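Single-structure report; data block below.
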Protein chains: 2
Amino acid sequence: MTIEDAGTAPARRTTLADVARQAGVSTALVSLVMRGAPGASPANREKVFRVARELGYVPDSRARALRQGRSQLLGVMFHVQQPFHADVIEGVYEAAEAAGYDVVLSAVTDSRSEDKAIGTLLADRCEAVILVAPQSSREWLAEVGGRLPTVVLVRHVRHPDLSVVRAADMKGLGLAVDHLVGLGHRRIVHVDGAGSPSAEQRRRGYRAAMARHGLEPRIVRGGWAEINGSQAVEQLLSEDDLPTAILAFNDPCANGVLSTLHRSGISVPEEVSVIGFDDTHLAGFSHIGLTTVRQDAGQMARMAVGRAISLIERKDDPEVHRDGVVVPDLVVRGTTGPCRQ
Amino acid sequence: MTIEDAGTAPARRTTLADVARQAGVSTALVSLVMRGAPGASPANREKVFRVARELGYVPDSRARALRQGRSQLLGVMFHVQQPFHADVIEGVYEAAEAAGYDVVLSAVTDSRSEDKAIGTLLADRCEAVILVAPQSSREWLAEVGGRLPTVVLVRHVRHPDLSVVRAADMKGLGLAVDHLVGLGHRRIVHVDGAGSPSAEQRRRGYRAAMARHGLEPRIVRGGWAEINGSQAVEQLLSEDDLPTAILAFNDPCANGVLSTLHRSGISVPEEVSVIGFDDTHLAGFSHIGLTTVRQDAGQMARMAVGRAISLIERKDDPEVHRDGVVVPDLVVRGTTGPCRQ
DNA sequence: CTGTTAGCGCATTCAA
DNA sequence: TTGAATGCGCTAACAG
C-alpha cells in the first residue's frame with residue numbers, strides 16, 4: 001500500500017451479482033425483477049425482492065446508464081442564490097419525473113462558473129440541458145447547443161441550436177409602467193439588470209413604455225442581487241434626484257431598493273413606489289408585499305422540460321424552434337401607491 | 001423500429017476511442033493524457049489534446065467512476081426553498097473541490113420527498129452524503145448512516161453512524177433573549193420551528209434563557225417558512241395578546257412575522273422587536289435589516305465536507321464522532337429596539 | 001420462465 | 001513510451 005492510496009478505498013457496495021448469488025438465481029433474473037420487467041415467476045420475484053432488501057441493494061444508476069447507452073438525465077444549470085431559480089427547479093423535477101426522466105442539478109456560485117457547471121453536466125452525459133438565466137456569451141451557449149439539446153430559460157438569444165423559453169419582458173415592463181402612470185407617476189426610474197440575462201429586453205420594454213406615455217426614461221445601473229438595488233438607490237440619493245417610482249430588474253433587486261429606501265427614512269409607497277419582477281414566493285413577504293411582475297416559474301419549467309424531451313426524442317415539433325413566450329401579469333401589492341407630488 | 005423506441009435514441013457522444021482512432025494512437029494513451037498522468041511524449045500529448053478539442057470530447061464521468069471503483073462523489077440533500085441551504089451549498093462546492101471531490105445535489109421540494117432525494121444519491125453511488133436539515137426520522141437517518149458515511153447538518157441527532165455538524169442552538173437563543181432583556185423586554189414570545197430540525201433545541205434554549213431571567217416563556221407554533229411566521233402573528237393578533245418581542249425560528253419565519261406585523265400597522269421595532277436565526281444573506285435586506293442569530297454556513301459546510309472525507313478515507317479522526325458545534329453570534333440590526341411598555 | 005454471453009466507456013495491468 | 005487485453009455493474013439478445 002503506497003502513500004497515494006493509503007486508506008482511500010471506500011467500502012464496496014452491494015451489487016446485482018451479490019443479490020443473484022444470495023438468492024440462488026442468475027443476474028439477468030435479478031435485473032428483470034429490479035426493473036419491474038415481465039418474465040419472472042412470482043416466487044422468484046418475491047425472493048429477489050426480499051434478498052435485495054436484506055442486502056440493502058440499490059441499482060447503480062451509472063452502470064445502468066452506461067449499459068443502456070442513455071442516461072435519461074436532464075441537466076439543469078442554475079444560480080444557487082436566485083430564489084426564482086428555486087421555483088423553476090421545483091417545476092422541472094415535477095415535469096421531468098412525469099416524463100420518466102431524472103434530473104441532475106449543477107449550481108453556479110461565486111466560486112463555480114457557468115462553464116464549470118455546464119462541463120459537469122456534459123461529463124454526466126445528460127441527454128439535454130436546461131440553462132436557467134445563463135450569463136455566458138451567445139457563442140458559448142451556441143457551442144453547447146451544438147453538442148446536445150439545449151433549452152435556455154429566461155434569456156433572449158436567437159440561434160438555431162438553442163430553444164428559448166422566456167417571459168414577454170417588454171410586455172411585463174409595459175404593464176408596470178402603465179400601472180405607475182395610472183397612479184399619476186411621471187418620474188419613473190428603471191434600476192436595470194446591467195449585464196444580466198434579459199436585462200436588455202427589460203430596458204427596451206421600459207423605454208418603449210415611457211415613450212408611449214411621452215415620459216423621459218432614466219436608467220440607473222443595477223443587477224440581479226439585493227446589493228445592486230441597494231447601491232442604485234444610494235446613487236440616486238447622492239445625486240439628490242430621487243424619482244417617485246422605481247422599477248427594479250427583479251425581486252431581489254427590488255428588495256435592495258426597499259431596504260435602502262427604508263434605511264434612509266423614505267416611506268414606501270407614500271414617497272416612492274417600487275415594483276419588482278419575478279414574483280418569487282418571497283415577494284409577498286417583504287413586510288409590505290412587493291408589487292411585482294409575475295412570470296410563472298412552473299409553466300416555464302414545464303415548457304422547458306417539454307422542449308428538452310422533444311429535442312432528445314427528435315419529435316418534429318416546430319414549436320421548439322420558436323421562442324416559448326410566457327405572458328407575465330402584474331401583481332399589485334403594497335409597494336405602489338398614488339403619486340403625491 | 002417499433003413504437004416503443006421510435007425516435008428515442010439520443011445522439012451518440014464522442015468517446016475516448018474516437019479520439020484515439022482520430023489521433024492514431026491507443027486508447028490507453030488518450031486516457032493518460034486526459035487525466036494529466038505522466039507517460040506520454042510531449043508530441044503525442046499535444047496531438048491528443050488537439051484532436052480531443054476538435055471532436056469536443058468530454059470524458060464520461062460514469063464510465064470513469066465505474067472503472068475506478070469509486071465515484072469521488074459527495075452527495076448533498078438540501079431543501080430548495082431554504083436560502084440558508086443555498087449558503088451551505090456554496091461552501092460545500094468550495095471545500096469539496098479543494099479536496100478533489102465532486103458534488104451531486106439532490107433537492108427536496110413539495111413534490112420530492114427526502115426519501116427520494118436520498119435514494120437518488122445512493123443510486124448515484126456517492127461515497128458520502130451530507131444531509132442539510134433533514135426532517136426524516138432518526139431511524140431512517142441511522143439506516144442511511146449504516147449504508148454509507150453520513151454527515152447531518154443543522155439537526156440534533158445522536159447515533160454512532162451519524163456525524164453531526166450544528167450550531168449551538170441553545171447558546172444562540174440565549175444570546176437573543178439576553179439582548180431583548182437588556183432592552184427591557186419581558187413579554188418575549190418564541191415562534192418555534194414546530195417539527196423542523198433543531199426546533200426542539202431552540203425551544204429548549206429559549207425556555208432556559210427565559211427561566212434564567214425569571215420570565216414566563218410562551219411558545220407559539222411556527223415553522224421554517226414565511227407563511228408559518230405570518231400565521232403565528234395572526235394567531236397572536238386574534239388572541240389580542242401581542243408580546244413586545246418575537247423570537248422567530250429562522251430568518252424566513254421572521255420575514256413572515258415582519259410582513260404580517262407591518263400589514264397590521266404594527267411598527268417594528270417601536271411596538272414589537274423581532275429576531276431571526278441563520279443570518280441568510282437576505283437578512284440584511286429586509287427593508288429594516290433583520291436582527292438575527294448568525295450561524296456560519298461556510299464554516300459548517302467546511303466542517304461537514306471534512307468529516308465526510310474523513311469517514312470515506314477511514315481516517316481515525318475521533319472528532320468525527322463528536323458533534324461539530326459552531327458557535328453562533330448575534331447580529332444586531334434594525335428590528336430590535338428598547339421596550340416601550 | 002430462466003441462464004449464458006457480450007459489451008456500454010473507461011482505466012489499468014502487463015508486455016512489447 | 002506505447003498498445004492489447006481485462007473487467008467495473010449492468011442490461012439486452014439469445015439459448016435452453
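Every chain is numbered from 1 and lettered A, B, ... according to where its sequence line falls, protein lines coming before strand lines. None of these values were measured; they are calculated from a predicted model.
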| query | Is the phosphate of dC10(D), meaning OP1 or OP2, less than 4.0 Å from a side-chain N or O of Gln68(A)? | reply | no
| Between Arg13(A) and Glu127(B), is the closest basic N to carboxylate O distance under 4.0 Å? | no
| query | Of all the choices, dG3(C), dC8(C), dC10(D), which nucleotide is nearest to the side chain of Leu66(A) once you look at every atom? | reply | dC8(C)
| message | How many whole angstroms separate atom CG of Leu32(A) from atom P of dG3(C)? | response | 10 Å
| request: Return no unless some side-chain N or O of Thr27(B) is found under 4.0 Å from OP1 or OP2 of dA11(C). | output: no
| Flag, side chain of Gln72(A) to backbone of Asp102(A), donor-acceptor distance under 3.5 Å | no
| Pairing of Arg50(A) and Glu54(A) as salt bridge, 4.0 angstrom limit | yes
| query | Nearest to the side chain of Ser41(A) - dT2(C), dT11(D), dT12(C)? | reply | dT2(C)
| task | Starting at atom CZ of Arg64(A), determine the distance to atom C1' of dG9(C), rounded to an integer number of angstrom. | result | 18 Å
| What nucleic acid atoms does Ala65(B) come within less than 4.0 Å of, heavy atoms only: base, sugar-phosphate, or nothing? | nothing
| query | At under 4.0 Å, does any side-chain N or O of Thr15(A) touch on OP1 or OP2 of dG9(D)? | reply | no
| task | Take the protein atom CG of Asn44(A) and the nucleotide atom P of dT2(C), then report the distance between them rounded to whole Å. | result | 4 Å
| request: Please determine if Arg138(B) and Glu143(B) form a salt bridge, counting it only when a charged side-chain N lies under 4.0 Å from a carboxylate O. | output: no
| task | Rounded off to whole Å, could you give me the CZ-to-P distance for the Arg70(A) and dG9(C) pair? | result | 15 Å
| Mapping Pro59(A) and Gly39(B) to their closest nucleotides on DNA chain D, which lands nearer the 5' end? | Gly39(B)
| task | Would you mind classifying the nucleic acid contact of Ala40(B) as base, sugar-phosphate or nothing, using non-hydrogen atoms under 4.0 angstrom? | result | sugar-phosphate
| dG9(C) OP1/OP2 closer than 4.0 Å to side-chain N/O of Arg67(B) | no
| query | Starting at CG of Leu122(B) and ending at P of dG9(D), how long is that distance when rounded to a whole Å? | reply | 16 Å
| query | Expressed in angstrom and rounded to an integer, what is the separation of Asp60(B) atom CG from dG9(D) atom C1'? | reply | 14 Å
| said: Check this for me: does any side-chain nitrogen of one of Asp124(A) and Arg62(B) sit under 4.0 Å from a carboxylate oxygen of the other? | reply: no
| Looking at dT11(D), dG9(D), dG3(C), which one has an atom nearest to any side-chain atom of Arg35(A)? | dT11(D)
| field | d(CD, Glu127(B); C1', dC8(D)) in whole Å | value | 14 Å
| Nearest-neighbour nucleotide for the Leu16(B) side chain, dG3(D), dG3(C), dA11(C) considered | dA11(C)
| field | Leu29(A) side-chain proximity, nearest of dT11(D), dA4(D), dG3(C) | value | dG3(C)
| request: Send over the distance from Asp18(B) CG to dC8(C) C1', rounded to a whole Å. | output: 13 Å
| When rounded to the nearest 0.5 angstrom, what distance separates CZ in Arg64(B) from CZ in Arg35(B)? | 7.5 Å
| Is there a side-chain polar atom (N or O) of Arg125(B) under 4.0 Å from OP1 or OP2 of dC8(D)? | no
